[in-house]
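First comes the structure, then the notes that go with it.
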Amino acid sequence: METKKSSVLAKQHRAGWYFLTPATALIVIMAFWPILNAFIMSFKTGSSASMKWASPFIYNYQRMFQDKLFIRSVGNTFFYLIIQVPIMLVLAMVLAQLLNNKDLKFKGVFRTCIFLPCATALVSYSLIFKSMFATQGLVNAALLKAGLISENINFIGTTSTARLVIILALIWRWTGYNMVFYLAGLQNIEYSVYEAAKIDGANAWQTFWMITVPLLRPTIIMTVIMSINGTLQLFDESVNLTSGGPANSTITMSHYIYNNSFGKGVANFGYSTALSFIVFIMVAILALINLKVGDQRD
């Protein structure tokens, strides 16, 4: 009987592997193999038709530390990260708290309106913001009519305002996306917990800080990691909204990698893949830091 049972279990295990094999093969062929080839390519130089091993072997990795434009793109990307991500996540949390109120009417309408920007195509919303903040655009017209400015502002053509436009666009596009995660987390918290805190005399801030935040910690960590990952790979806004200008003052790392690969006829794939792996390392390190900081298990 025991032998028969073992035979059945062995068949089940084999059946599981049979089902997993096609998916595993596809993942290896379509994901891991290209990653391995890209890593090998990062040690080569030359055009795509005549690539050769770099001399010295780590030339591409040495080059990036002397590449002023890449260093600028890193600075720009981290500027967006430091400013935009905290504002977006705090705003998402506030909206989730407001929309989780059981006495609020038309909650479905409000949730849909706030989440709707996420359904907008990245290229489309970038072009919309570009037209809104153009010199003769809607924002300038509204500010002139309100008497807040005396002449049109070149938002896209000035470094500080161009960066501000990108940050505003990112907040508009992604706040509702993160709000959904927080809202889902809040709805999984029993309302009786808040009632008990209220009976104990806790005010709104104490309730939020001592109950909501600890219970939402896994969700908060997840949204922080996703937001960092997305911001470090920021591309569409830099390309379609400001074109990296003025004078490359808003260019991001992904935009610079694209320019080296496909833009302006460069086709420097070796250097581009080396830059891509540096971005990957940045994402991995920041994600690990967030996991370690957020993990408070004994």
Exercise. According to a 4.5 Å side-chain heavy-atom criterion applied to Ile, Leu, Val, Met, Phe, Trp and Tyr, with indirect links allowed, do V283 and F32 form part of one hydrophobic cluster?
Worked result: no
Problem set entry | Residue from T212, T223, T219 passing side-chain hydrogen bond (donor to acceptor under 3.5 Å, both in side chains) with Y182 | T223
Exercise. What are the two closest heavy atoms between A54 and T45, and how far apart are they?
Worked result: CB-CG2, 3.7 Å
Exercise. Any chance the side chains of T250 and T242 put a donor and an acceptor closer than 3.5 Å?
Worked result: yes
For this session: For atom OH of Y125, decide whether the heavy atoms of other residues, nucleotides or ligands shown that lie under 6.0 angstrom number more than 12.
Result: yes
Exercise. Between the side chain of N76 and the main-chain N/O of T252, is any donor-acceptor distance below 3.5 Å?
Worked result: no
Exercise. Is it true that atom CH2 of W53 has more than 12 heavy atoms of other residues, nucleotides or ligands lying nearer than 6.0 Å?
Worked result: yes
Exercise. Counting N and O atoms only, with roles assigned by atom type, does the side chain of Q206 sit under 3.5 Å from a partner on the main chain of N203, one being a donor and the other an acceptor?
Worked result: yes
For this session: Please check if atom OH in Y59 has more than 12 non-hydrogen atoms from other residues, nucleotides or ligands closer than 6.0 Å.
Result: no
Problem set entry | Atom CE of M64 with >12 non-hydrogen neighbours under 6.0 angstrom | yes
Problem set entry | Spatial distance of atom CE (M132) from atom CZ (F155) [nearest 0.5 Å] | 10.0 Å
For this session: Examine F235 together with Y256 and report whether their ring centres are nearer than 6.0 Å.
Result: no
Problem set entry | For the student: nearest non-hydrogen atoms of S42 and N60, plus distance | O-ND2, 2.8 Å
Exercise. Are the aromatic rings of F277 and F39 close, with centres under 6.0 Å apart?
Worked result: yes
Exercise. Should the pair R163 and F79 be classed as cation-pi, given the thresholds of under 6.0 Å to the six-membered ring centre and 45° from the axis?
Worked result: yes
Exercise. Do the side chains of L127 and L164 join up, straight or via other hydrophobic residues, at under 4.5 Å, putting them in one cluster?
Worked result: no
Seminar exercise, completed: All heavy atoms of L99 vs all of R111, minimum pair found to be O-NH2, 3.0 Å
Problem set entry | Contact check, side chains of F65 and Q62, non-hydrogen atoms, under 4.5 Å | no
For this session: Determine whether V213 and L89 fall in the same hydrophobic cluster, where Ile, Leu, Val, Met, Phe, Trp and Tyr are linked whenever their side-chain heavy atoms lie under 4.5 Å apart.
Result: yes
Exercise. Under 4.5 Å between side-chain heavy atoms, hopping through other hydrophobics if needed: is there a path connecting L215 to W205?
Worked result: yes
Exercise. Can you tell me if CZ on F280 sees more than 12 non-hydrogen neighbours from other groups inside 6.0 Å?
Worked result: no
Exercise. Do we see a donor-acceptor contact under 3.5 Å between the side chains of Q233 and N229?
Worked result: yes
For this session: Flag yes if I149 and V165 sit in one hydrophobic cluster, no otherwise; membership is Ile, Leu, Val, Met, Phe, Trp, Tyr, and two members link when side-chain heavy atoms are under 4.5 Å apart.
Result: yes
